[in-house]
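The next block holds one structure in the form of structure tokens; read it before the comments.
Each ligand, and each atom within it, is numbered from 1 in the order the structure gives. Keep in mind that this is a model prediction, so the values were computed, not measured.
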Amino acid sequence: MLLEVENKLHYLCTYSRANFMKRNIFLWLFIAYMGSFFAPALPAQEIARAKEVIDSLCAPRMHGRGYVGKGDRKAADFIYKEFQKIGLLPFKENYYQFFKMSANTFPARLSMQVGKARLQVGKDFIVNPIARAGKGRGKIWRFDTLLLKDKNAQELFLKTDMRKRVAVLTEKEFHELLALPKKVIEKIYEAHAILQLSPKKLTASVAPESSSHPYFEMRQVTFDSLTAPYLPKQPKIKYRLDAILEKNYTSQNIIGYLEGTAEPDSLLVFTAHYDHLGRMGRDCYFAGANDNAAGVAMLLELAHYFKANPPRYSVAFMAFGGEEMGLLGSKHYTEYPLFPLERIKFLVNLDLVGTGNEGATVVNGTIYKKRFNELLAINEARQYLPKINARAQAANSDHYFFWLNKVPCFFIYGLGGISAYHDIYDKPETLPLTKFKEIFGLVKDFAEAMK
Ligand SMILES: [Zn+2]
């Protein structure tokens, strides 16, 4: 409905603009001339192109850009072709840089039932990233805080047969287990599956390893509603999970550059990770629109821009894999750089740039103060974002290993807007891109003004 109104408005505006132009051609030329000083950071057709990139990277055939169905490789191939179309140069024979990693994956069957209720993966429950495969049906064993204080309760508990049970604990209770005697902890882990209850939203993740149990997560409110104490009989939990630990998986970075016109030996570097959380069974995948299809779309827009406006310094564009698994692609790059890291004049990492309603945060802003002030001055002059915060060093995205290797760098992420993050709700349909063109403008101006 909203879209329809927008289209109508758009039509009305273009119609009246065309008539206005015919009647007032001199006035229009003057406005166009003045307008060139205040050109929008990113024209509408480029925003449409960025949206197409985000849609492609989030499509089901990319499997959430994880390690089921070679989703990461499909996304990498897509970015490779975009690099080719733009005309970026490779540092080696092509844009690829391969690296090995390990990944726990959930490629096929996945179901959970509490009593008669069939639960929906992603919405009602998720799989903990270190879960191993398994199937079973069992009574619920709910952790009792009495175990923490009462020796008698512990003795009694040691007599319980846990082998046919699903152990259910909150996140907090999991941490408290450490205070218990070893034999009590071991007894809990005799349960054939674990269900962890979360007070907040479900936040998925990935892991390079697998544990001893099928391991699920559910919101506390969901669990409470399914197991209400007034029910005549407590329901059993039934589950089935296929999991494969891929121990020697090959993933890749995609890296290209444009040669500088005046000082080609110095490089500005833009980075964005393209991987995401992949698939959780056959019915669920994590599209990762804000994290980080939007960052890749911005990386490509920067490449388009600098191809059309040849830069003073050389500019490298790096799309990293394995970020969610622990910054693996960028770590690999800093161990096997394609040119000496000392030649990087500055690096900007883009991750979560699809919002920005409330401005942006710059990691390392308090460290590289002069550069941060340059960024603030540009923002002040162009009024891109309502607010830019400086933050100290943080190991939260792909700039980190560069920073450890003394490469001056920022990591910029947007604030406000949607709160979808590492869940099924981070999808293109609801990604606002409110300040996408402004963040693009800010980063582009910052790079161009760099001395
Ligand atoms: Zn990310």
Over 60° means perpendicular and under 30° means parallel, so classify the ring planes of [Y] and [X], tilted if in between.
{"X": "Tyr257", "Y": "Phe91", "result": "parallel"}
{"X": "Tyr333", "Y": "Phe320", "result": "tilted"}
{"X": "Tyr80", "Y": "Tyr96", "result": "tilted"}
{"X": "Tyr413", "Y": "Phe411", "result": "tilted"}

(message) Pairing donors with acceptors under 3.5 angstrom, does anything connect the side chains of Lys435 and Thr355?
(response)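 Judged by distance alone, the side chains do not pair up.
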(request) Inspect the contact between Arg371 and Glu374 and indicate whether a charged nitrogen and a carboxylate oxygen are less than 4.0 angstrom apart. (result)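 Judged by the 4.0 Å cut-off on N to carboxylate O distance, Glu374 and Arg371 do form a salt bridge.
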(request) Give me the protein N, O or S atoms that fall under 2.8 Å of the Zn ion (ligand 1), sorted by chain and residue number. (result)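 Per the 2.8 Å query on the Zn ion (ligand 1), atoms found are His273 NE2, Asp291 OD1, Asp351 OD1, Asp351 OD2.
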